[in-house]
Amino acid sequence: MARDAEHGLLVRHLGTAESWDSPEMTAYDNEDHLQRIIASDPHYVPGVPEGSLTVRELSTTAGPADVCIISPDGAITIVECKLASNSERRRMVIGQVLDYASAIWVDGAKSFREQWNRQQGGDLNRLGETALEQLDTNITEGRIDLCLAVDRIDNDLKRLVEFLNRITRDEVAVTALQLTYARHGDIEFLMPSTYGGEIAAAKARGSGPSASWTTESFLEALGSESDRGLAEKLFDLIESLHERRGTHANLWFGNRPGGGIFLYPYGLRFAPIQLWINKTAQLMAYGTWNQYEVVRQHPGFAELANLIGQDHQSTAKGFAVANTDLDELWQVVLRCAVSINGSDD
């Protein structure tokens, strides 16, 4: 088999003295293949966390968007996929992704939900009340992130990403995602790399109300001293967990004002709960048993759901943190985190 030095990946059977060979396949079957990978693992897209929902070929009045992603905080990202073999990848992909985003904005939130459901996207009710409200607001106000997904990021694409970030509003991120693919026998290889995430994050820091929460801004937004005290205690509790069983940050901050803060005890992959602030500035929380497809309605959520009078096999509803015994809630959250993460601990 001829070697492909440019691809940068060579394989051989473990424990043999065989020569290193190139993988049998070093390209996607087609753009549909790339779409499928992104739709099944959207967290490769810059700024998109675990637990995000996806749909492919979302219908808009400008045509079908390749992949549409909704983050747990209601942020929306449109992904357009183009392969290096497609001569349109630089010229057309920019116009297409802008066209689809503008069409979603013009069509409105009601049309978006209808098309999402028609294409059998992930259950939007899993996001919870506050994230759904934020999703509608993002569509109404045109806050839609854009990602150009390719098998190779070149200098021309970098230039386009830099320019679009410069001319678009601060709270809109424009990024590129490179997913280099290879296959050898029944083994698949995927090598992700991104461009534009840091540029988009830098401009978002000055964007005001739609920037991400911090612990300080979250506490300031709460309407009562008692709720601030409860939130502070939760932040202290998770930061005091020195034992690490995973690599996730303790907290993931959604966009304000409608996004939540997800708590990841021990740095484990899946968060048992998220905090958010309702319209009356009250500290609220959600169980996440419908948030992550991999652990959806996992029996490890049962104790948490029972504590707050809910069913982990049904819709998660927001609950006021003030109506719980915080010490008891925290111990249940810790047990839930360990249980639902299983082999990820």
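As a basis for the values below, the full set of heavy atoms in this structure was taken, side chains included, without hydrogen atoms, waters or symmetry mates.
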Close side-chain approach of [X] and [Y], heavy atoms under 4.5 Å:
{"X": "Tyr44", "Y": "Ile38", "answer": "no"}
{"X": "Gln310", "Y": "Ser314", "answer": "no"}
{"X": "Ile78", "Y": "Cys147", "answer": "no"}
{"X": "Leu304", "Y": "Leu329", "answer": "yes"}
{"X": "Tyr100", "Y": "Val79", "answer": "no"}
{"X": "Arg159", "Y": "Asp156", "answer": "yes"}
{"X": "Leu34", "Y": "Leu179", "answer": "yes"}
{"X": "Val150", "Y": "Leu177", "answer": "no"}

Taking a hydrophobic cluster as the set of Ile, Leu, Val, Met, Phe, Trp and Tyr residues connected by side-chain heavy atoms closer than 4.5 Å, whether directly or through intermediates, do [X] and [Y] fall within one such cluster?
{"X": "Leu326", "Y": "Ile273", "result": "yes"}
{"X": "Leu146", "Y": "Trp105", "result": "no"}
{"X": "Phe235", "Y": "Val332", "result": "yes"}
{"X": "Leu275", "Y": "Trp252", "result": "yes"}
{"X": "Leu132", "Y": "Trp276", "result": "no"}

Any donor-acceptor pair under 3.5 Å from [X] side chain to [Y] backbone:
{"X": "Asn306", "Y": "Ala302", "result": "no"}
{"X": "Asp145", "Y": "Ala173", "result": "yes"}
{"X": "Asp66", "Y": "Cys81", "result": "yes"}
{"X": "Thr168", "Y": "Leu164", "result": "yes"}
{"X": "Glu50", "Y": "His43", "result": "no"}
{"X": "Ser71", "Y": "Gly74", "result": "no"}
{"X": "Ser102", "Y": "Leu98", "result": "yes"}

Point-to-point distance, once rounded to the nearest 0.5 Å, from [atom1] of [X] to [atom2] of [Y]:
{"X": "Gln274", "Y": "Leu263", "atom1": "CD", "atom2": "CG", "value": "10.0 Å"}
{"X": "Gln297", "Y": "Ile340", "atom1": "CD", "atom2": "CD1", "value": "13.0 Å"}
{"X": "Ile70", "Y": "Ile139", "atom1": "CD1", "atom2": "CD1", "value": "6.5 Å"}
{"X": "Ile104", "Y": "Leu58", "atom1": "CD1", "atom2": "CG", "value": "5.5 Å"}
{"X": "Ser217", "Y": "Ile277", "atom1": "OG", "atom2": "CD1", "value": "8.0 Å"}
{"X": "Leu307", "Y": "Gln331", "atom1": "CG", "atom2": "CD", "value": "11.5 Å"}

Strictly by modelled atom types, are [X] and [Y] linked by a side-chain donor-acceptor pair under 3.5 Å?
{"X": "Tyr195", "Y": "Gln178", "value": "no"}
{"X": "Gln35", "Y": "Arg56", "value": "yes"}
{"X": "Asn138", "Y": "Arg143", "value": "yes"}
{"X": "Asp107", "Y": "Thr61", "value": "yes"}
{"X": "Asp73", "Y": "Gln134", "value": "no"}
{"X": "Thr137", "Y": "Thr140", "value": "no"}

Are the charged groups of [X] and [Y] less than 4.0 angstrom apart, N to O?
{"X": "Asp236", "Y": "Lys233", "result": "no"}
{"X": "Glu114", "Y": "Lys110", "result": "yes"}
{"X": "Glu225", "Y": "Arg228", "result": "yes"}
{"X": "Asp32", "Y": "Arg36", "result": "yes"}

Steps toward side-chain contact (heavy atoms from CB on, under 4.5 Å) verdict (Ser111, Gln115): CA-CA 6 Å; Ser111 175; Gln115 296 303 327; 4.3 Å; yes
State, to 0.1 Å, how close [X] and [Y] come at their nearest heavy-atom pair, and which atoms those are.
{"X": "Leu157", "Y": "Ala176", "answer": "CD2-CB, 4.1 Å"}
{"X": "Cys336", "Y": "Pro272", "answer": "SG-CB, 3.8 Å"}
{"X": "Gly287", "Y": "Ala316", "answer": "O-CB, 3.3 Å"}
{"X": "Val67", "Y": "Ile69", "answer": "CG1-CG1, 4.1 Å"}
{"X": "Ala249", "Y": "Tyr264", "answer": "O-CB, 3.4 Å"}
{"X": "Leu124", "Y": "Leu53", "answer": "CA-CD1, 4.0 Å"}

Full working for side-chain contact (heavy atoms from CB on, under 4.5 Å) between Arg296 and Gln291: CA-CA 7 Å; Arg296 189 178 186 194; Gln291 192 73 55; over 6 Å; no
Residues Trp116, Val55; criterion side-chain contact (heavy atoms from CB on, under 4.5 Å); working and verdict: CA-CA 7 Å; Trp116 181 280; Val55 70; 3.4 Å; yes
CD (Gln120) with more than 12 external heavy atoms under 6.0 Å: no
Steps toward side-chain contact (heavy atoms from CB on, under 4.5 Å) verdict (Asn341, Arg245): CA-CA 10 Å; Asn341 282 278; Arg245 306 187 188 184; over 6 Å; no
Salt bridge (charged side-chain N to carboxylate O under 4.0 Å, His left out) evaluation trace for Asp151 with Lys82: CA-CA 8 Å; Asp151 52 347; Lys82 284 289 181 288; over 6 Å; no
Aromatic plane relationship, Tyr292 with Phe262 - under 30° parallel, 30 to 60° tilted, over 60° perpendicular: perpendicular
Parallel, tilted or perpendicular: rings of Phe301 and His298 (30°, 60°): perpendicular
Derivation of the ring-ring contact (aromatic ring centres under 6.0 Å, His included) call for His248 and Tyr266: CA-CA 8 Å; His248 205 292; Tyr266 309 116; over 10 Å; no
